[in-house]
Enquirer: 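Questions regarding the structure given below will be posed in turn.
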Amino acid sequence: MAKKYWLFKAEPHIYGIEHLAAAPNKTGRWDGIRNYQARNFLRDQVALNDEVFIYHSSCKNVGIVGTAKIVKPAYPDPTQFNPESDYYDPKSTQEKPRWVSVDITLTNIFPRLISLAEIKTQPQLENMVLVKQSRLSTQPVTENEWKIIKELL
DNA sequence: GCCAACGTTGGC
DNA sequence: GCCAACGTTGGC
């Protein structure tokens, strides 16, 4: 299947691009997704070697900060089984896990932030899921949108 | 901190 | 299955 493109949101003070950069092999587990629509993308469509924009949300400077690629496709999110975790889900079982994670490796930290405000000024990006549906933490990006955003750098 | 948009829960 | 009440996300 052809390579696909995604945008993953994170609150940088919880797990942002700096955390990924500091992780062994710049690789980390993308976990804690607790929204069905976002989960369905992760579980059913995100594939090995797909590329991902890392987006910082709910912070002073919101926007895209870099890229990563998928190094391990969907597997059960271990945090759902851990009562100590903020992401614990008592309704989830080992036999029927409800939530999934993927592993990603950092591939690029952008020299500057591409802010949400800047994205919104681009007529060619007006149909981005990011612009049309603000509340979705993992979302598809078209190949064309991917190219346009990289050319803004 | 405000609030719009959306998701989830639970009574009926 | 409907829908009101409530909770969360996320930009500003």
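In this text, all values refer to a predicted model and were calculated from it rather than measured experimentally. Within every chain, numbering begins at 1; the chains are lettered A, B, ... in the order of the sequence lines, protein sequences first and strands thereafter. Below, all heavy atoms of this structure are taken into account, side chains as well, without hydrogens, waters or symmetry copies.
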Enquirer: Mark yes or no for whether A:R43, through its side chain, and A:V100, through its backbone, hold a donor-acceptor pair below 3.5 Å.
Expert: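 Side chain of A:R43 to backbone of A:V100, a donor-acceptor pair under 3.5 Å: no, none is there.
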Enquirer: Rounded to the Å, how far apart are A:E118 CD and C:dG11 P?
Expert: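 Between P of C:dG11 and CD of A:E118: 16 Å.
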Enquirer: Any ring-ring contact (aromatic ring centres under 6.0 Å, His included) involving residues 100-131 of chain A? Give me the pairs, sequence neighbours left out, ordered by first then second residue.
Expert: none
Enquirer: Can any side-chain N or O of A:H56 pair as donor or acceptor with the backbone N or O of A:I17 at less than 3.5 Å?
Expert: yes
Enquirer: Can you tell me if A:Q80 uses its side chain to pair, donor with acceptor, with the backbone of A:R98 under 3.5 Å?
Expert: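 Yes; at least one donor-acceptor contact below 3.5 Å.
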Enquirer: A:D103 and A:Y75: side-chain donor and acceptor closer than 3.5 Å?
Expert: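 Yes.
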Enquirer: With sugar-phosphate meaning primed atoms plus P, OP1 and OP2, does A:S58 contact a base, only sugar-phosphate, or nothing at under 4.0 Å between heavy atoms?
Expert: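 Base: the residue A:S58, judged by heavy atoms under 4.0 Å, touches a nucleobase.
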Enquirer: When all nucleic acid strands are considered with a 4.0 Å heavy-atom cut-off, which category describes A:K132: base, sugar-phosphate, or nothing?
Expert: nothing
Enquirer: Where do N or O atoms of nucleotides 7-10 of chain B meet protein N or O atoms at under 3.5 Å, pair by pair?
Expert:
| from | atom 1 | to | atom 2 | distance (Å) |
| --- | --- | --- | --- | --- |
| B:dG7 | O4' | A:R135 | NH2 | 3.4 |

Enquirer: Under 3.5 Å, side-chain donor or acceptor atoms of residues 129-142 of chain A against the rest of the protein: list the pairs with distances, not counting sequence neighbours.
Expert:
| from | atom 1 | to | atom 2 | distance (Å) |
| --- | --- | --- | --- | --- |
| A:Q133 | NE2 | A:Q37 | OE1 | 3.2 |
| A:T138 | OG1 | A:A38 | O | 2.9 |
| A:Q139 | OE1 | A:L130 | N | 2.7 |
| A:Q139 | NE2 | A:L136 | O | 3.1 |
| A:T142 | OG1 | A:E145 | N | 3.0 |
| A:T142 | OG1 | A:E145 | OE1 | 3.4 |

Enquirer: For the pair made of CG in A:L130 and P in C:dC12, what is the distance, rounded to whole Å?
Expert: 10 Å
